[in-house]
Amino acid sequence: MKKFSIAIHGGAGTLVKGMMTQELEAQYKNDLKAALDAGYAILNDGRAALDAVEVAVKVLEDSPLFNAGKGSVFTATESHEMDASIMDGKTLNAGAVSLITGIKNPVSLARDVMEQSDHVFLAGEGAMKFAKELNYTLEDAAYFYDEFRHKQWLEIKDTDQFQLDHSTKKDSKFGTVGAVACDQNGNIAAATSTGGMTNKKWGRVGDSPMIGSGNYANNKTCAISCTGSGEFFIRGVVAYDVACLMEHKNMSLQDASEEVINKRILEIGGDGGLIAVDAKGNIAMPFNTEGMYRASKTSEGEETISIYK
Ligand code: ASP
């Protein structure tokens, strides 16, 4: 049987070790494992990488521990605006949504954009109209409310600051979520979902829903999901840059991912990380922060669940 594999992340960031209790760490690992297992089961059944990444991201969106779906950070106007994207490496089909509210699983709406519309990227009001046409039910604000996130926002709401959910300042430790997978047919896919950055305003959109920046998949090279300071990841066109290094410079998945995260994005001041797979089932998970919530599993029996370096 061909090797298959999955990797997931729950955000990169400078995690303050002292703040992490054993119990909390166990909770994170528990939710990471639940997402990993859900995605892996799909691959194990012989189903598509695309299904595996959607299912894994949904589990992370449903967890209040991560900044996506339930548990999304607060914007400057005390609301939640979520972004998500998904891409199929076999067909290069992609779907993305941005600035959406009330949707329990933004990744599924992104997939619907890919499969049920003629478009790739729907934003704001229009994306919400599309969701309505597909009979999505809307959750009320209480579903997305999280006390910790609200506190994070209260601390900076009267400033011009906006911050990474897991940035050092407030010892916040949660982030954007994503999954990449390689299935038994050697098809790969990537999905990413986020609440963005605390106190963001003016319809700020990060890298997560941008195909090529925060998310990308192409069977020829790799499937990538990023996490980090979105402004830099957009300017670095990070996900596609990894694919380019593989395609045009013949670099391995590991070398290309590290070149981008530990060199190129650092050079312009960006912090964060990414998860990556190629069509042979290889996995890379580099980050230039102190930690990144991450987990991976392959059909050869390797399994990892880690937070720190
Ligand atoms: N990349 C995300 C954004 O800029 C944030 C994150 O990774 O947590 O919206």
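Just the heavy atoms: all of them, side chains too, but no hydrogens, waters or symmetry mates, feed the values below. Whatever order the structure lists them in is the order used to number ligands and atoms, beginning at 1.
Heavy-atom separations between Gly11 and ligand 1 are all 4.0 Å or longer.
On a distance-only criterion, Asp207 and ligand 1 share at least one N/O pair closer than 3.5 Å. Considering backbone and side-chain atoms alike, Thr227 places an N or O below 3.5 Å from some N or O of ligand 1. In terms of polar-atom proximity, Gly228 is counted as a contact of ligand 1, with an N or O under 3.5 Å from an N or O of the ligand. In terms of polar-atom proximity, defined here as any N/O pair under 3.5 Å, Asn67 makes no such contact with ligand 1. Residue Gly230 places at least one N or O, backbone or side chain, under 3.5 Å from an N or O of ligand 1. Checked against a 3.5 angstrom limit, the closest N/O atoms of Arg204 and ligand 1 fall inside it.
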Which pairs of donor and acceptor atoms, one on a side chain in residues 108-116, lie under 3.5 Å apart (sequence neighbours left out)?
from   : atom 1 : to     : atom 2 : distance (Å)
Ser108 : OG     : Glu54  : OE2    : 2.7
Arg111 : NE     : Glu115 : OE1    : 3.3
Arg111 : NE     : Glu115 : OE2    : 3.0
Arg111 : NH1    : Asp51  : OD1    : 2.7
Arg111 : NH1    : Glu54  : OE1    : 2.9
Arg111 : NH2    : Asp51  : OD1    : 3.1
Arg111 : NH2    : Glu115 : OE2    : 3.2
Asp112 : OD2    : Tyr136 : OH     : 2.5

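Minimum heavy-atom separation, Ile234 to Ser213: CA-OG, 3.6 Å.
When atom types are taken as modelled, the side chain of Asn288 and the backbone of Ile261 share a donor-acceptor pair closer than 3.5 angstrom.
Between Phe144 and His80, the distance separating the two ring centers is shorter than 6.0 angstrom.
Under 4.0 Å from ligand 1, the heavy atoms of Ser208 that appear belong solely to its side chain.
For the ring-ring contact (aromatic ring centres under 6.0 Å, His included) condition, the pairs that include at least one residue of residues 191-218, sequence neighbours left out, are Tyr216-Tyr240.
Between Lys309 and Glu290 no salt bridge is recorded (no basic side-chain N to carboxylate O distance below 4.0 Å).
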